[in-house]
Amino acid sequence: MFAAERRQLILEMVRANGAVSLRELARVVQTSEVTVRRDVRALEAEGLLDRRHGGAVLPGGFTRESGFPQKSHLATAEKTAIADLAAGLVEEGEAIVVGAGTTTQELARRLARVPGLTVVTNSLLVAQALAHANRVEVVMTGGTLRGSNYALVGSGAEQSLQGLRVSKAFLSGSGLTAERGLSTSNMLSASVDRALVQAAAEVVVLADHTKLGTDTMFQTVPTDVITRLVTDDPPAHDDRAATELQALADQGVRIAVAGAPGSGSGSESAPAGRQPRRDVPLPGPRRGQVPGGPQLRSATALGEPPTGDRARVADLRRR
């Protein structure tokens, strides 16, 4: 396939889906991700699409947000792995809140097997995934339906969360950076997500590698409020995603990588051509933590309660 043909096909895929991962583009056009990345750069230079870490999206900058049909086709395998790992954080009899999103929808499907669970959500998709679960109680917020992501937003949703207290909040978003934390492109969604965070003792962010380093218009969860990040293993060439993960770890976020050795999901060995990950200490304690205490291992300590000590995280930089 000639370069012009490849780029036309790439553009058609992005226009049809709103956002497509480099991995999927390479599979469809039957070439390497290196070649696809070069094609995406050329199309971006022409203003035909925007690059994102691990993928390409329609142009629109900070304010553009893909709808549910487009998001559901992006990084599907990664979202499944993230949901599998995140489900291990939930214990029998807990009360949690789960925000809107395609990754949280995948999580909800796995939570249907947790007995005695109470799930508060503003997402119709999350509620639907749990509707027939035995011994799982679903509590929905009020609010106005936002059709693009099947979520309830507005003052009604926020007011229904007042006075609520749960153990954990599971949230996704449009982008995640160490500088600003989790963000989204819609003001109403951001406001409800902030209300969900206020109700929880711990905040767990679910974000695949395509969202790492992406910054969108409205901040939902500042980095120093995020307790844990559950993500997937970035491709070997994605140094920016690895750098962003290390920056998040440096700020005290406990990071679990689906598919990393010791994570309980995926293979026990590193991908071909990459050195196995090793745990490294953070350079300093998180805000409010006391230095000098016992250390944690992020990818293997999912079942442990937060201790307030320094975290240890997987070194995501290629060596």
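All residue numbers refer to positions in the sequence shown, counting from 1. Values below: every heavy atom of this structure, side chains too, minus hydrogens, waters and symmetry copies. Predicted model only: the values in this text are computed from it and were never measured.
Residue Glu44 qualifies as enclosed at atom CD: its count of foreign heavy atoms under 6.0 Å is above 12.
In this structure, Leu85 CG and Thr80 OG1 are separated by 12.5 Å, a value rounded to the nearest 0.5 Å. Rounded to the nearest 0.5 angstrom, Ile255 CD1 and Leu245 CG are separated by 5.0 Å. The distance from atom CD of Glu78 to atom OG1 of Thr103, rounded to the nearest 0.5 Å, is 10.0 Å. A distance of 7.0 Å separates CG in Leu248 from CG in Leu212, rounded to the nearest 0.5 Å. Atom-to-atom distance recorded for Glu137:CD and Leu130:CG is 11.5 Å, nearest 0.5 angstrom. To the nearest 0.5 angstrom, Ile82 atom CD1 is 8.0 Å from Leu229 atom CG.
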Begin from the C-alpha positions of Leu171 and Thr220 and carry the test side chain to side chain contact (heavy atoms under 4.5 Å, CB included) through to its verdict. CA-CA 10 Å; Leu171 299 175; Thr220 57; 5.8 Å; no

If you apply the rule side chain to side chain contact (heavy atoms under 4.5 Å, CB included), what do you find for Val205 with Val253, and how did you get there?
CA-CA 10 Å; Val205 170; Val253 178; over 6 Å; no

Review point. Would Lys211 and Ser172 satisfy side chain to side chain contact (heavy atoms under 4.5 Å, CB included), going step by step from the backbone distance to the final call?
Key: CA-CA 10 Å; Lys211 298 177 181 178; Ser172 187; 3.1 Å; yes

Walk me through it: do Ser189 and Arg146 pass the test side-chain hydrogen bond (donor to acceptor under 3.5 Å, both in side chains)? CA-CA 9 Å; Ser189 295; Arg146 185 166 179 258; 3.2 Å; yes

query: Between Leu25 and Met13, does a side chain to side chain contact (heavy atoms under 4.5 Å, CB included) hold up when you go through it step by step?
result: CA-CA 8 Å; Leu25 289 172; Met13 288 183 63; 3.7 Å; yes

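The backbone N or O of Gly175 sits nowhere less than 3.5 Å from a side-chain atom of Thr214 that would complete a donor-acceptor pair. No side-chain donor-acceptor contact under 3.5 Å links Arg41 to the backbone of Arg51. A donor-acceptor pair under 3.5 Å is formed between the side chain of Arg110 and the backbone N or O of Glu106. Under a 3.5 Å cut-off, the side chain of Ser160 and the backbone N or O of Ala157 do form a donor-acceptor pair. In this structure, Glu24 contributes its side chain and Ser21 its backbone to no donor-acceptor pair below 3.5 Å. One N or O on the side chain of Thr216 and one on the backbone of Thr184 form a donor-acceptor pair closer than 3.5 Å. A donor-acceptor pair is defined here as one N or O able to donate and one able to accept, closer than 3.5 Å; such a pair exists between the side chain of Thr104 and the backbone of Gly99. Looking at Gln219, its side chain does come within 3.5 Å of a backbone N or O of Arg180 through a donor-acceptor pair. In this structure a side-chain-to-backbone donor-acceptor pair under 3.5 Å is missing from Glu202 to Ser167. The backbone N or O of Val204 sits nowhere less than 3.5 Å from a side-chain atom of Thr227 that would complete a donor-acceptor pair.
Each of Leu107, Thr118, Val114, Val119 was compared with Ile96 under the side-chain contact (heavy atoms from CB on, under 4.5 Å) criterion, and only Val119 meets it. When each of Leu145, Asp193, Thr141, Leu188 is tested with Val153 by the rule side-chain contact (heavy atoms from CB on, under 4.5 Å), just one qualifies, namely Leu188.
Using a 4.5 Å cut-off on side-chain heavy atoms (C-beta onward), Leu9 and Arg6 make no contact. Glu92 is listed as a side-chain neighbour of Arg135, based on a closest heavy-atom distance under 4.5 Å. Put simply, the side chain of Arg109 reaches to within 4.5 Å of the side chain of Gln105, judged on heavy atoms.
Looking at every heavy atom in both residues, Val98 comes nearest to Leu111 through CG2-CD1, 4.3 Å. Closest approach of Arg228 to Leu89, counting heavy atoms only: NH1-CD2, 2.6 Å. Of all heavy-atom pairs between Leu182 and Leu176, the closest is N-CD1, 3.6 Å. Heavy-atom minimum distance, Thr223 versus Gln251: CG2-OE1, 3.5 Å. Taking each heavy atom of Asp208 and Asp232 in turn, the nearest pair found is CA-OD1, 3.1 Å. In this structure, Ser123 and Met140 approach most closely via the heavy-atom pair O-CE, 3.8 Å.
Side-chain heavy atoms closer than 4.5 Å link hydrophobic residues (I, L, V, M, F, W, Y) into clusters, and following such links, possibly through other members, connects Met217 to Met187.
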